[in-house]
Structure formats: C-alpha cells, structure tokens
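A short write-up of the structure that comes next.
Throughout, a chain's letter reflects where its sequence line sits, starting with A, and its residues are numbered from 1. Not measured: the values here are computed from a predicted model.
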Amino acid sequence: MNTYRTHFCSDLTLKNLSEKVTLSGWVDTIRDHGNLLFVDIRDNYGITQCVIDATNNLFKKIAKINNESVIKIKGEVTKRNETTVNTSLSTGEIEVKIESFEILSNSNTLPLPVNSDIEYGEEIRLKYRFLDLRRNKLHKNILLRNKIISDIRKKMIDRDFVEFQTPILTSSSPEGARDYLVPSRLHQGKFYALPQAPQQFKQLLMIAGFDKYFQIAPCFRDEDSRADRSPGEFYQLDFEMSFVTQEDVFEAIEPVLFEIFNENKKNNKIIVSPYPFKRIPYNEAMEIYGTDKPDLRNPLNIKDYTTVFKGSNFKIFSDQIKKGSVVKGIIVKNTGDQPRSFFDKLNNWAREQGAAGLGYISFTDNAFKGPIAKNLDENQLLSLNLEVNDSIFFICGKLKEAQLFSGKVREKICNDLNLLNKASFEFCWIVDFPMYEIDEKTNKIQFSHNPFSMPQGEMEALENKNPLDIKAYQYDIVCNGVELSSGAIRNHKPEIMYKAFDIAGYTKEELEEKFSGMLNALKFGAPPHGGSAPGIDRIVMLLADEPNIREVIAFPMNQQAMDLMMDAPARIDKDRLEELGIKLIDKN
RNA sequence: GCGGGAGUAGUUCAGCUGGUUAGAACGCUGCCCUGUCACGGCAGAGGCCGCGGGUUCGAAUCCCGUCUCUCGCGCCA
C-alpha cells in the first residue's frame, strides 16, 4: 500500500504465505519467552501475531518496547504449526516473522490498559478517552455509530429527503429546555443561543418549498444528564415533510427505523417488530402501561378494578374511592405459589417508593389468599378473573399517581421475575397527546408539548372544546421503553396559532415578539407539514446494547457536563470577557 | 437543588464489631525461560487509605464537615 503498510492487521491469511509484508500498528501485547517472543500488532481492522527469536539481533530491542507504542514491522508471512493456530483471530493461521522494525512512536506506561475488556472507572476513562476509544468495546461502538449514521443518510436520500445544515448560532427556540448561550461581541449584552433542535429552521425550509428535509442534527440543551441523556449535546435524525398527515409521516419513517434496527442488530436471533408499528393513544398507554413510553416486551398489563372495590368491605380502598381515587391491578401469572417473602419484599419496595404498600391476592388450589382477599365477597373475587396460580397486585390512588405507580410496579415485577424477552426491539407510536395540561403549581393551562403542534379539530376545537380535552397531532416513537423521538403535524395557520397561544395565556403581542420569524413566515403561504426527530445516540445505544449513552459517544462529557480530557468548561481571560462586555459576579 | 452508592498502589479491588509492618491481581523494573496468544517462573519498586476536623492509648475502619465520581428524583414542553 505505502511506506507504512502493505496490509492491514486483519488481512493476512494462508493465501499470503511467503510474502514479504509491512504492518504498522499498536503493540497490543508482547509475550517474551526469553529466546523467542511474540508481538501482537493491532490496528483498526484486527490483530496479527509477529514472531522473532534470539538469533536475530533485534530481539532485545523489541523485548523492551512498551505496550501501545506504535511500530512498523517488515517480515515474511509464515504458516503456523497446527497446534499453535489461534481460531479467534482472522489472521490466526499465520504469523509474520520479523525481519526489521521501526518504532514510529513510543508510549509511556499506560494509565488505562488497552488490551483488556474489564471495566474501569469513568473518570479515568474520560480523561484518557483516546485510550479508551482504542479498546475493543468502545472502538466497536463508535464504528457501529458510524455505520448507523451512514445507513440513515443513504436511506433518507433514497427516499428523496434533502439534507440541510442549519445555524448553530441562533436565537432561543420554543422548546422548554434551558438554552446554551453564547455572548455576542458586536452586540454587547445580547446573546446567541445554541439550537435545542432545528425546529423552526426545518419548518421554514418546508415553507421555502423544499418538500422533504432531513439532517443528522446536533442539538444543545443545558439540562442535567441521565444514563440515557447526554449532558449538553446530542444528535437527532431530524426530518420534516410537506403536504402530509400524521399517517404519512409514520409511513415514511417506519421502514427506515425498521431497516436500521434489522440491519444493525447484534445477531439474527433478535426480532424487530414489523411495521406498521402499534399506535397507542396517550390515554390508553397511561391506563395499560402506566407510562407514555411503554416497554412492550413486558407482558404485564394494568387494568382498572375500581368497581370491584367500590362497595367492598375493604375500607382502605373503598373510602379512598369515595374521595375520587381509583384502583389499578396487575395480574401476574405463575406466582400464586411464591413464598410469603416474595410479596413482603415487593410491599417493602413499594413503601420505599413512597406508596402506602402493595396489596395482593393470589389464587391457588381454588382458594384466594393474601391480606386483601378476606375483605372481598365471592362475587367480587370471581370478578377478578384470576386463573390458578395467578396473583394480582393492587394500587389505589388518584388517577394520575395510581397510573404512574402502577407503571413502576409493572416494571419492577417484570424485572424481578425476568419476564422481558431481551432478544427483541418492540416499537410503538404513542399518539393523541393532550394539547394542554394544568400546571399543578399555578393551576394555569399550559402547553403539554410543542406549542407549534396542530390541535386535532383545529380552530373549531380550540373555540368550542374544554382545552384539557383537546388532543394534538403530536406523537412519540418508543422502542423497548426508550423514547426515541417526539414529532408532530405542525400548526401552519397563524390564526390558529394566535388562538392556541391565547388559551395558554399568551397575548398576540407576546407571541409576535417571541416567534416573529416563524409567525411571519406562516403568513406567506405555508404548506401543511410535519415530521419527527429520532435520537441517534439512543438508537445506537439500543443497538449496541449499552445501558449508558456515553458508551456510544466518542467524546462525551461527564455527568456534571465537564469534558475531563479537554478541561471544559474553563475560565476565560479577563481581556476576552472585557471584549464581550461581561463582568463576572461572585455568588458567594 | 434533593436522595442512594462509591472514593485504599499506575489500574481493578480486598481489608470484619477500631489493634502492631495496609494486602491481592494486572501493570511497572530486574533476572530466568524457543510456541505463546490474559504465556509462565523468581525477585523488587510502588500508598497523605479523597481532603479537613473530632472521638480514642490507638482510626483506612467510628462520628461530623467537605470535595469528587456515579445512579435516580426534580429538570428535559
């Protein structure tokens, strides 16, 4: 190939026997037998074993090389003796007999071993990220990420989506997160904001007539991190389409997601749910799964048992029902014969979670057991429809909190009993999100999602319906309990926009001041349009089967939003601050 | 901002209800070793037990404070 190498470290096989080759790469391991030594040389593509014996005068020099030094070796490809073949390497049938070598770059003693798969602390991994990235797992994850992104790009372009770049320095957008701000030198006292998403720009591109937009878009939000939420920045497959209904958007992206998952899954045993994906209305998701991002691999469902307990002798529940509470229950198969401790542990867990407890009834040998059973009469017990060896767990509370806690119980029991079919990706759409909700602190009506979504029923619904009953053309896509994206059919009519904001307590003037660019554009002929934006990092995380998003990002920040390698954020020289017209205040 | 877990050698960890010189493995240094692939063997160096204070004859261990990392909650419409 060139002066550094004729082959990659994954290339050589018996076909290359007797060839004189040159390899360059990192010293993975040296095994020194005194008069014979092996060097495993590693590059992006693989590992090749090289060998030298003490009759060669280079022997002593090679023996002293540190791991992870970069070397170039020249030598002859030789066949390994049958007993010494290594079947776990693609190059395991040959080795290279070293004839000469050159150290291209020395490595100090490593703070973090590279040739090992054991877990290390995140602090050291992030500080020496370049070493961590050399290691097998992370290296593979990043290559997978690249493959997924290039696949996405191909598939979107094949479907006539057009790729755009949108500004990084922009102004605050309508999303609800905190913006990252960048001070302006030319306009002192004013700030740019990094985009939380290219939401307004993609809508403007639709208004500009480009019909189908997409972008592998960087998004910036100054919010606290989670295991599946990178601090600061993340990437979305942002897309938008003109002249479409909600169903058209679903039909456009479902095959892309299905193929991405099906073509990049770890092995062929993994099943990807076929499209069209299940559509679940928000209210139904809350009723059956107790969450708006259900993991459909979990076989447990929540049902309502309020009527069973309404007139029952179980005072704890029936009294609460009189005050407006509901009772939710989860039937779990094959648990009637679990020991008392199983139920006690769950009860204790529920208390730790802040619930009063977790009552249950189990049905075995045609008898109902458990602390609640004696409080129900026969008809009430039979109406539970339990089969032999079923248990049912009850949650009582105000609707929303009962739903949410039932969701936690559903997840907890599923995990404890290991009921999840891990070898599958189960997609669903959550649709019909409410347009508005009540702010519990202020009791005021506010947007529950993106204020730019089109309300179902449009102007007619805004004028005549109770705002809390209005649904939006707003949808999420969920996979295995992970929210991959939010999307919507947008509101493209200014008069509906004014009305929608009016209901949430914004005057026409406030709206025009905040979103003048967008609003103005809608007045010059905006097509009906909508889209969505699946999170790239989360897609890679699912496909790489990683529990933490930092494992699929080359250079992530830590939980405190610091880059330990580049030392960001950092203090800025006084001169620079002065230039920007910024004076720091000492909060202490 | 709040709650859980963690912080001991370069690294991953052990170290009991307080007790003499703080251990192991990997890595590092030196020596031995011609078929290993996590090579093996012998020897050695390496520690402010996160930091500060307190209790005690005595603290890695108990108490208080503080810092750092991490998971969750709030937050992310």
Side-chain angles (χ1 to χ4, degrees), chain A residues 28-42 47-56 59 63-64 66-68 78 80-89 91-93 95 97 107-128 131-132 135 173-179 196-197 199 219-232 234 292 352-354 404 408 433-437 439-441 445-453 472 474 476 483 486 488 500 504 535 547-550 557-562 564:
Chain A
D28 194 73
T29 41
I30 294 181
R31 293 177 293 280
D32 182 355
H33 291 237
N35 288 308
L36 173 78
L37 78 74
F38 302 95
V39 183
D40 286 349
I41 181 166
R42 185 193 72 239
I47 287 180
T48 301
Q49 171 168 289
C50 305
V51 63
I52 188 167
D53 69 35
T55 59
N56 190 315
F59 185 93
K64 286 199 167 156
N66 280 344
N67 277 357
E68 295 307 313
T78 58
R80 291 203 204 182
N81 169 329
E82 265 174 38
T83 56
T84 61
V85 164
N86 184 345
T87 51
S88 60
L89 291 181
T91 56
E93 289 189 291
E95 62 195 4
K97 208 170 173 196
S107 171
N108 289 346
T109 300
L110 297 166
L112 177 78
V114 171
N115 60 2
S116 141
D117 281 331
I118 29 171
E119 303 271 344
Y120 294 93
E122 287 234 49
E123 210 170 346
I124 196 114
R125 290 181 56 203
L126 290 173
K127 181 159 185 200
Y128 296 96
L131 290 178
D132 201 18
R135 298 172 69 212
S173 62
E175 285 82 9
R178 264 181 225 105
D179 289 313
Q196 295 178 30
Q199 178 71 38
C219 304
F220 306 89
R221 295 180 191 174
D222 187 4
E223 295 293 349
D224 289 350
S225 69
R226 289 289 182 276
D228 65 350
R229 213 164 72 201
S230 171
F234 60 97
D292 61 1
E352 280 168 24
Q353 298 293 310
L404 291 176
K408 278 192 189 172
F433 276 87
M435 185 83 190
Y436 300 101
E437 63 187 12
D439 183 330
E440 283 172 14
K441 286 175 206 150
I445 287 179
Q446 61 181 20
F447 289 109
S448 68
H449 276 77
N450 188 330
F452 286 178
S453 299
Q474 169 84 42
D476 282 0
E483 182 192 316
S486 255
N548 191 303
I549 205 156
R550 292 186 292 272
M557 295 199 281
N558 71 0
Q559 197 195 32
Q560 325 298 327
M562 295 185 297
L564 299 178

Within less than 4.0 Å of OP1 or OP2 of [N], is there a side-chain N or O belonging to [X]?
X	N	value
A:Asn86	B:C37	no
A:Arg226	B:U70	no
A:Arg31	B:C39	yes
A:Gln560	B:U70	yes
A:Arg229	B:C71	no

Just to be sure I understand the rule, does [X] reach a base, reach only the sugar-phosphate, or reach nothing, if contact means heavy atoms closer than 4.0 Å?
X	answer
A:Val39	nothing
A:Met562	sugar-phosphate
A:Glu483	nothing
A:Asn108	nothing
A:Arg550	sugar-phosphate
A:Thr29	sugar-phosphate
A:Gln559	base

*Looking only at atom P, what distance separates B:G7 and B:U12, rounded to whole Å?*
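Per the computed distance, 12 Å lies between those P atoms.
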_Flag, side chain of A:Asn35 to backbone of A:Ala54, donor-acceptor distance under 3.5 Å_ =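 Not confirmed, A:Asn35 side chain does not pair with A:Ala54 backbone.
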_I'd like to know if the side chain of A:Arg80 and the backbone of A:Val85 have a donor-acceptor N/O pair within less than 3.5 Å._
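No; judged by distance alone, with no hydrogens or angles, the pair does not exist.
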Those residues that, when tested against [X], pass salt bridge (Lys or Arg N to Asp or Glu O under 4.0 Å) (two or more places apart):
X	result
A:Asp228	A:Arg538
A:Arg226	none
A:Glu123	none

_Base-contact (B) and sugar-phosphate-only (S) positions in nucleotides 2-14 of chain B, heavy-atom cut-off under 4.0 Å, - elsewhere_ = --------SSS--
Residues in side-chain hydrogen bond (donor to acceptor under 3.5 Å, both in side chains) contact with [X], at least two apart in sequence or another chain:
X	answer
A:Asn81	A:Thr83
A:Tyr120	A:Ser116
A:Asp132	A:Arg125, A:Arg129, A:Arg135

Protein-nucleotides 41-44 of chain B N/O pairs under 3.5 Å:
none

*Can you name the side chain to side chain contact (heavy atoms under 4.5 Å, CB included) partners of A:Asn66, sequence neighbours left out?*
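Side chain to side chain contact (heavy atoms under 4.5 Å, CB included) list for A:Asn66, sorted by chain: A:Ser69.
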*asked:* Among B:G72, B:C39, B:C69, which nucleotide has an atom closest to any side-chain atom of A:Asn558?
replied: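 Nearest to the side chain of A:Asn558 among the choices is B:C69.
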